[in-house]
Amino acid sequence: MTRRARRTAAPDRVKPPLSWQGVLFAFAANTFLVTVLTRFVQTLTLPIEYEVIATLLGPLLAGVLTALYVRQRGGMHAFLGGMVSVAPLVLFVFLGSWQPALYAGAFCTIGGALTEVVQRRRKR
């Protein structure tokens, strides 16, 4: 075996399976936080710029909480739960506007992925 072949050969790591409880947790956390924070911004009649709290920070927190909940493959759980939550967010929270709902799903994924990276570094 050449040196190049040894470097490119990946070790056989078995990934743990995805848990549907983790995906459901991400879905519920993302939907809940976005809904509550959107209603909070609307109730206080804050300017539209404060919608960033609901659209970006809430889902980011949902992704972080998901990764802490599942402990392994947090980014994938947050991705699936965040993307499943897009449709209800479009219909019930953002009233037909799909862009903020898609951002909410994406930022849920980012929160889960970043937390997963931080958790991996702590284990070593």
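Residue numbers run from 1 in the order of the sequence given. Computed from a predicted model, the values in this text were never measured in an experiment.
Every side chain to side chain donor-acceptor pair (under 3.5 Å) that S85 has, sequence neighbours left out, goes to N30. Checked against side chain to side chain donor-acceptor pair (under 3.5 Å), Q42 has the following partners two or more places apart in sequence or in another chain: R39. In this structure L95 satisfies the side chain to side chain contact (heavy atoms under 4.5 Å, CB included) test with no other residue, sequence neighbours excluded. Contacts of Y69 classified as ring pair (Phe, Tyr, Trp, His ring centres under 6.0 Å), with partners at least two apart in sequence or in another chain: F25.
Evaluation of the side-chain hydrogen bond (donor to acceptor under 3.5 Å, both in side chains) test over residues 101-114, restricted to residues two or more places apart or in two chains, returns none. The salt bridge (charged side-chain N to carboxylate O under 4.0 Å, His left out) analysis of residues 104-118, with sequence neighbours excluded, yields the pairs E116-R120. A salt bridge (charged side-chain N to carboxylate O under 4.0 Å, His left out) check over residues 58-67, counting only residues at least two apart or in different chains, returns nothing.
Alongside L91, the hydrophobic cluster contains F92 (criterion: ILVMFWY side chains under 4.5 Å). Hydrophobic cluster membership of L24, counting Ile, Leu, Val, Met, Phe, Trp and Tyr whose side-chain heavy atoms lie under 4.5 Å apart directly or via other members: F27, V84. Applying the 4.5 Å side-chain rule to ILVMFWY residues, one finds V34, V93, F94 in the same cluster as L89. Its side chain within the 4.5 Å cluster rule, L102 clusters with L18, W20, V23, M76, F79, L80, M83, V86, V90, W98 among the Ile, Leu, Val, Met, Phe, Trp and Tyr residues.
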List, one per line, each side-chain donor-acceptor pair under 3.5 Å for residues 49-67, sequence neighbours excluded.
{"residue": "E51", "atom": "OE2", "partner": "T38", "partner atom": "OG1", "Å": "3.4"}
{"residue": "T55", "atom": "OG1", "partner": "E51", "partner atom": "O", "Å": "3.0"}
{"residue": "T66", "atom": "OG1", "partner": "A62", "partner atom": "O", "Å": "2.8"}

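Between A78 and C108, the shortest heavy-atom distance links the atoms CB-O, 3.3 Å.
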